[in-house]
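Report on one structure; see the data block that follows.
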Amino acid sequence: MRANLESLRENGVDPYPRRFERSHHSREVVNDFDRLEGSEVTVAGRLMAVRGHGKAGFADLVDVKGKMQLYVRRDEVGDEQFAVWELLNVGDIVGARGEVFRTRSDEVSLKVKKLVLLAKALLPLPEKWHGLKDKELRYRRRYLDLISNEETRAVFRTRSRIVRIMREFLTERDFLEAETPILQPIYGGAFARAFETHHRSLDLTLYLRIADELYLKRLIVGGFERVFEIGKDFRNEGMDRTHSPEFTQLELYQAYADYNVMMETTESLFERLACELHGGTRFTWQGQEIDVKAPWKRVKVMDAVAEVVGEDALRSREALVVAARAAGLDPDDLQGDELPSFGKLVEKILDELVEPKLTEPTFLIDYPLEISPLAKQTPDDPDIVERFEIFIAGIELGNSFTELNDPDEQVRRLSAQVEKRAGGDEEAHGMDEDFIMALRHGMPPTGGLGIGVDRVVMLMTDSPGIRDVILFPTMRPEQSE
RNA sequence: GGGCCGUUAGCUCAGUCGGUAGAGCACCUGCCUUUUAAGCAGGGAGUCGCUGGUUCGAGCCCAGCACGGCCUACCA
């Protein structure tokens, strides 16, 4: 391939010229054949197959919208350009002008009159029939995955559509799109360890955000009433099929609403996504039938837990420990202090025994206050907050609450978190004084919702893992030669 | 963190019992002016992930390491 490059240069061909004007994409030529037959068009793209035929030849030219065949004849392009043609390889980028026709075997093709090399490839493409299968290579060299696997291209086109639909959905409802800091002096809004970095000229430790929550709420205080942000959050935790250290989240906040409104919003959003992407509310993910038609099931957390470990187990922490052990869990290895708290136990039971079974779209509602420091209590039980998580196919897709807007209560909750952090819980919240000050100025009653965009893309594209829907997933660097 | 599996040509993969490394695609040469996984004939291409060990001899057996995949654990 490099030898061909040298030969081309010797023949006076620039292997890397500048712009090229095309008149049509390949698919337009194929679709509009009846109208275009016999006329001249100009196309451009990558050669994905070359079939030499002596003094003629065929090539498959692929552009962003599809594929069409080129037919190059020496008596049509002349000796000089035919010499260029003979030095082309699969993978090269070319432009071609010619007459639209149909071959004997009925394939819409271009009888090339003028052929231009636009970029010479020096490395071979993956195998044309099997494509690129090795998962490691597909993640590390995504460009090759995209060139050789149409399914990969489809996933990322759909991802783009999903984000666009979310944006349209919220914009139609008068939400304002905001951009809040990724570098934060105090991180909060979720339980997670953060990535730490340093600002030189301020000589300041900053953290990559783990959530947008506390800044978006400041905007609610500021009077914007409906705000959202779609952006990357970063969590310094393990990686698996549903967790990536950097991931995309949609967060939205709506003044004068509560978590019931957020449930309706969630249902509408998923219905809209499914209808636009699948033509209806039903689709399948990894063999599971899913129907996102509203209304979804609403299950109280404590009811769900009681169903698994029995009602009596909920009377005390001790009883719950016993019941959890009986159910096959190992509460002793719960992180934090020596004795697992009631809330942590409930969370463990949810994770292990409840959530994986939530195949049909379900809202798990009304969580223990202890594990929800930013949510408002229910009117009838001060230990329970108005909060829900979204589950589809056993995957957690989002989290929402009626936001706590009582500044004094918020201080108490965050103080408890600070104590836990002092006790070694690295994922507990810090005290964000500026956020508290904002609340003291008065935040209207507000509903908030966070949705894991990558997981939504997984679900909607029938992808098995989060890395399959992130273009360049985090990987350990390859060892250098 | 634990378990299982993988790593051989640019790609997809074989490699038997431990005996000097194989195929297809791609690439190069020749023939071929309607092919389409074009065809026919020929050719070049390898640090068998890395390091060490066992052995007369290691792609193959053993140990360690690296990277990855799947499962599991952890994780709002």
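Naming: A, B, ... by sequence-line order, numbering from 1 per chain.
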Q) Would you say the side chains of A:S109 and A:Q69 form a donor-acceptor pair under 3.5 Å? A)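 There is such a pair (donor and acceptor under 3.5 Å, judged by atom type) between the side chains of A:S109 and A:Q69.
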Has [X] got a side-chain N or O lying under 4.0 Å from the OP1 or OP2 atom of [N]?
X      : N     : value
A:N89  : B:C27 : yes
A:N236 : B:C75 : no
A:N4   : B:C27 : no
A:R51  : B:A38 : yes

Given [options], which nucleotide is nearest the side-chain atoms of [X]?
X      : options             : answer
A:W129 : B:A76, B:A73, B:A37 : B:A37
A:E127 : B:C27, B:C25, B:C13 : B:C25
A:S109 : B:A76, B:U12, B:U35 : B:U35

Atom pairs under 3.5 Å: protein N/O with N/O of nucleotides 68-72 of chain B:
residue	atom	partner	partner atom	Å
B:G68	OP1	A:R476	N	3.1
B:G68	OP2	A:R476	NE	3.3
B:G68	O4'	A:E136	OE1	3.2

Name the nucleic acid region contacted by [X], choosing base, sugar-phosphate or nothing; use a 4.0 angstrom heavy-atom cut-off, strictly under.
X      : result
A:I210 : nothing
A:E352 : sugar-phosphate
A:E76  : nothing

Charged tip of A:K111 within 45° of A:Y71 ring normal and under 6.0 Å: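 No, cation not above the ring by the 6.0 Å, 45° rule.
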Problem set entry | Salt bridge A:E37-A:R102, side-chain N to carboxylate O under 4.0 Å |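 Looking at A:E37 and A:R102, the cut-off is not met.
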Carboxylate-amine/guanidinium contact A:E267 A:R298, below 4.0 Å: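 Salt bridge between A:E267 and A:R298, a charged N being under 4.0 Å from a carboxylate O: yes.
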Set of side chain to side chain donor-acceptor pair (under 3.5 Å) partners for A:D92, sequence neighbours left out: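 For A:D92 the side chain to side chain donor-acceptor pair (under 3.5 Å) partners, ignoring immediate neighbours, are A:K120.
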Q.
Suppose we screen for side chain to side chain donor-acceptor pair (under 3.5 Å). Which residues come up paired with A:E352, at least two apart in sequence or across chains?
A.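 Checked A:E352 against side chain to side chain donor-acceptor pair (under 3.5 Å); zero matches.
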With a 6.0 Å cut-off on ring centres, are A:F401 and A:Y259 close enough?
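No: the rings miss the under 6.0 Å criterion.
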message = Measuring centre to centre across the rings, with the benzene-like ring taken for any Trp, is A:Y187 within less than 6.0 Å of A:H429?
response =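 No, ring centres 6.0 Å or more apart.
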_Among residues at least two apart in sequence or on other chains, which ones pass ring-ring contact (aromatic ring centres under 6.0 Å, His included) with A:W285?_
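A:W285: no ring-ring contact (aromatic ring centres under 6.0 Å, His included) contacts found.
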inquiry  = Please determine whether any donor N or O and acceptor N or O are separated by less than 3.5 Å between the side chain of A:H130 and the base of B:C11.
reply    =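 No such pair is found, so the answer is no.
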Q: Indicate yes or no for a side-chain donor-acceptor contact from A:E213 to the backbone of A:A190 under 3.5 Å, with no hydrogens or angles considered.
A: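 Here the side-chain-to-backbone pair does not exist.
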> Ignoring hydrogens and geometry, is there a side-chain-to-backbone donor-acceptor pair from A:R153 to A:V64 under 3.5 Å?
Replying inline: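 Looks like no, no N/O pair under 3.5 Å.
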Worksheet entry | Residue A:K300 excluded, over 12 heavy atoms near NZ under 6.0 Å |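 Counting neighbours around NZ of A:K300, 12 or fewer heavy atoms of other residues, nucleotides or ligands fall under 6.0 Å, so no.
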Review item, nucleotides 31-34 of chain B N/O atoms under 3.5 Å of protein N/O:
residue	atom	partner	partner atom	Å
B:C32	N3	A:G54	N	3.0
B:C32	N4	A:G54	N	3.3
B:U33	OP2	A:K55	N	3.2
B:U33	O2	A:R73	NE	2.9
B:U33	O2	A:R73	NH1	3.0
B:U33	O2	A:R73	NH2	2.9
B:U33	N3	A:D75	OD2	3.2
B:U33	O4	A:D75	OD2	3.4
B:U34	O2'	A:R104	NE	2.8
B:U34	O2'	A:R104	NH1	2.8
B:U34	O2'	A:R104	NH2	3.4
B:U34	O2	A:R104	N	2.5

Query - Consecutive-pair stems (at least three Watson-Crick or G-U pairs, under 3.5 Å) that include RNA chain B - result: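 When the pairs of RNA chain B are grouped into runs of at least three, the stems are B:1-7 with B:66-72, B:10-13 with B:22-25, B:27-31 with B:39-43, B:49-53 with B:61-65.
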- Query: Rounding to the closest angstrom, what is the interatomic distance between B:A21 and B:U8 at atom C1'?
  - Reply: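 B:A21 and B:U8 have their C1' atoms separated by 9 Å.
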